[in-house]
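Notes follow once the structure below has been shown.
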Amino acid sequence: MTTVDLATPKSRLDTWLGRFTMYRLILWVLAILAAYSVVLNALGWLTFGLADMLAHAVLCLGLTYLSNRAFAAVFRVRPHSESSLITGLLLFFLFWPSDLLPTVAWPDLAGVAFACVLASASKYLLAFRGRHIFNPAAAGAFIVSLTGLNVATWWAGTPAMLWLLVPAVALIMYRTRKVLMACAFLLVSGSIVFGELLRAGMSPGSALWQPFAQRPLLFFAGFMLTEPLTLPPRRWQQLALAAVVGVVFAVPYNLGFVANSPELALLLGNLLAFFAGQRGGIRLEFKGSRQLTPTTTELRFAARRPVRFTPGQYMELDLPHSSSDGKGRRRIFSMSSAPGTAELTFGVGTAPPLSSAKRALLELTPGAPLRATAVGGDFVLPRDGGTPVLLIAAGIGITPFLSQLGAGAAQERDIVLLYLAPGAEELAGSEVLAASGARVVARLADGSAPPAFMHDAGTVRIDAASLRELVPDIARRTVYVSGSPARVETLRGAARQAGARRVRVDAFAGY
């Protein structure tokens, strides 16, 4: 064994959350929130008619689903049903349910219906090279507001919803690793609203409570601002974007034909993010595969256009396949190739049992097309080439480090790589590691001998004491840990106890 046997609560949570893709988790959380709102309404905590609310849910979900499939058929692409259902649930919370009794409020009803269709259309019409630019729900709501048919009320931002909304947003932010981004937005926007309410004569306690209990800040941050396809790729860019959107969200203005609104603030942020990231969808062609180890396979792709990424980042692949295992079509994989190489490569663990996505990848034939939807991640080396680093790879966690070392990272900085594997035959990328110039330390559980260029750490248990012995200057190094959630958690703790002050992690939560 390479790490402590007992998983921590955090690693168990990470492993459990790893069973859900980001889209599937958001869909389930929104569905639970919708069911909760119906219960609140039935108990009298919300003021909608129950029939109005149920009809509103059917309209939003049904129309976004059907219109998305219709537009997909027109544009000859495979629809992403999870995405359309998420959009429908978002619109359910954005628009006030239309009155059905004693008379039908036809203009309001038409406005909601129009917003649903516009949201689906925006994914295909307001797009660049297959990537939609704007959050679909926000685009639909904003355009409808210009027609005068209806206006988004964001009724999810009510005190009664907070009991479930707060833990729901916290769970989503934790899973998507956007806690800092959400906090930056909440701090900026909440501070501005707090100041305005104080100037209006409200007491400090009420001015602090009102922005979060009666305005849609939490819902906006948790489910709209952090929509993955409309974010820039780097964390510092996301934090800057959150601050800008927070200002536009909270500062009142009226330009005649438009006034400040949450949806307009988000659309402006989406536009800024579009110019900061990989503009346009990424079209790939499968070139082939090779066995790296008995349980690891390398998949090779050629991109139709150059792909911008920094070594250590990931790519989200859209894998249409039948008999999905419940995690959806879109899966995240770290790139193992260096930028500028002729082909993009991904190292994938292929030990049974295989997920449906991995089976779909392994069944690809040369020439098969594939689409990627995003490039991102902050598991990248420090900009300062003088910063020494320690890379700790557990099993398939070697993947992002192969990209970094293949790009020549060890030629410009002091790098030590600690590679944990079951045995010598499970060491992937040895040719890249040998050519990198980095000092490589192998800890092999079965006691087998690593290649000659690696330092053999034997079968020592990796804890704080052994880390200090293997890397005596660990305290001055920035530490990067990559692997499964349980291993990452225990290895991060060991690095901290060994004296490391800066530890970055990249957990492979299952795909």
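Distance OG1/Thr478 to CG/Leu390: 10.0 Å, rounded to 0.5 Å. With values rounded to the nearest 0.5 angstrom, Glu263 atom CD is found 6.0 Å from Trp154 atom CH2. In this structure, the separation between CG on Leu364 and CZ on Arg359 is 13.5 Å, given to the nearest 0.5 Å. Of the inter-residue distances, the one linking Phe333 atom CZ with Met315 atom CE reads 11.5 Å to the nearest 0.5 angstrom. The line from CD of Glu426 to CD1 of Ile398 is 12.5 Å long, rounded to the nearest 0.5 Å. In this structure, the separation between CD1 on Ile332 and CD on Gln313 is 11.5 Å, given to the nearest 0.5 Å.
When the options Val416, Leu417, Val505, Leu467 are evaluated for a side-chain contact (heavy atoms from CB on, under 4.5 Å) with Ile392, the one that passes is Leu467.
Side-chain N/O atoms of Ser84 and Lys123 include no donor and acceptor closer than 3.5 Å. Thr297 and Thr350 share a side-chain donor-acceptor pair at under 3.5 Å. With 3.5 Å as the limit, one finds no donor-acceptor pair spanning the side chains of Glu425 and Thr293. Using a 3.5 Å distance cut-off with no hydrogens or angles, the side chains of Thr230 and Glu227 do pair a donor with an acceptor. Of the N and O atoms on the side chains of Thr345 and Ser336, at least one donor lies less than 3.5 Å from an acceptor on the other residue. Side chains of Tyr124 and Asn68: a donor on one and an acceptor on the other come within 3.5 Å.
Within the structure, every pair that satisfies the ring-ring contact (aromatic ring centres under 6.0 Å, His included) test and touches residues 391-424, not counting sequence neighbours, is listed here: Phe379-Phe401.
The number of heavy atoms from other shown groups lying within 6.0 Å of CD (Gln291) is above 12. Sparse packing is recorded around OH of Tyr65, with 12 or fewer heavy atoms of other residues, nucleotides or ligands lying under 6.0 Å away.
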### Task
In sequence, state the C-alpha distance, the side-chain angles, and the governing distance for Val488 and Asp506, and then conclude on side-chain contact (heavy atoms from CB on, under 4.5 Å).
CA-CA 8 Å; Val488 163; Asp506 186 38; over 6 Å; no
### Task
Take Arg443 and Ile462, measure what side-chain contact (heavy atoms from CB on, under 4.5 Å) needs, and give me the verdict at the end.
CA-CA 8 Å; Arg443 190 282 187 190; Ile462 301 301; 3.9 Å; yes
#### Entry: Trace of the side-chain hydrogen bond (donor to acceptor under 3.5 Å, both in side chains) decision for Ser337 with Glu343
CA-CA 7 Å; Ser337 53; Glu343 295 178 337; over 6 Å; no
### Task
Could you please spell out the steps behind the side-chain contact (heavy atoms from CB on, under 4.5 Å) verdict for Val380 and Arg234?
CA-CA 10 Å; Val380 300; Arg234 298 297 304 276; 3.1 Å; yes
### Query
Where do Phe185 and Phe249 land on the ring-ring contact (aromatic ring centres under 6.0 Å, His included) test, with the steps shown first?
CA-CA 9 Å; Phe185 167 78; Phe249 180 100; 5.2 Å; yes
### Task
Please step through side-chain contact (heavy atoms from CB on, under 4.5 Å) for the pair Val245 and Phe220, ending with a clear verdict.
CA-CA 11 Å; Val245 173; Phe220 181 94; 3.8 Å; yes
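Gly222 and Thr226 get closest at one heavy-atom pair: O-OG1, 3.4 Å. A pairwise comparison of heavy atoms in Ala273 and Leu231 identifies CB-C, 4.0 Å as the closest pair. Closest approach of Ser334 to Pro400, counting heavy atoms only: CB-CD, 4.1 Å. Taking each heavy atom of Thr459 and Ala445 in turn, the nearest pair found is CG2-O, 3.8 Å. Closest of all the heavy-atom pairs between Ala119 and Leu91 is CB-CD1, 4.1 Å. Listed here is the closest heavy atom pair of Phe346 and Met335: CE2-CG, 3.4 Å.
If you look at Phe93 and Phe223, their ring centroids are not closer than 6.0 Å.
Electrostatic pairing of Asp414 and Arg477 counts as a salt bridge here, judged by a charged N lying under 4.0 Å from a carboxylate O. With respect to Glu489 and Arg487, no salt bridge is recorded, no charged nitrogen being found less than 4.0 Å from a carboxylate O. Of the charged side-chain nitrogens involved, none lies within less than 4.0 Å of a carboxylate oxygen, so that Glu412 and Arg383 do not count as a salt-bridged pair.
Although no hydrogens or angles enter the test, the distance criterion places no donor-acceptor pair under 3.5 Å between the side chain of Thr87 and the main chain of Pro136. Listed for the Arg371 side chain is no donor-acceptor partner under 3.5 Å among the backbone atoms of Asp318. Using modelled atom types, no side-chain atom of Asp473 and backbone atom of Arg476 make a donor-acceptor pair closer than 3.5 Å.
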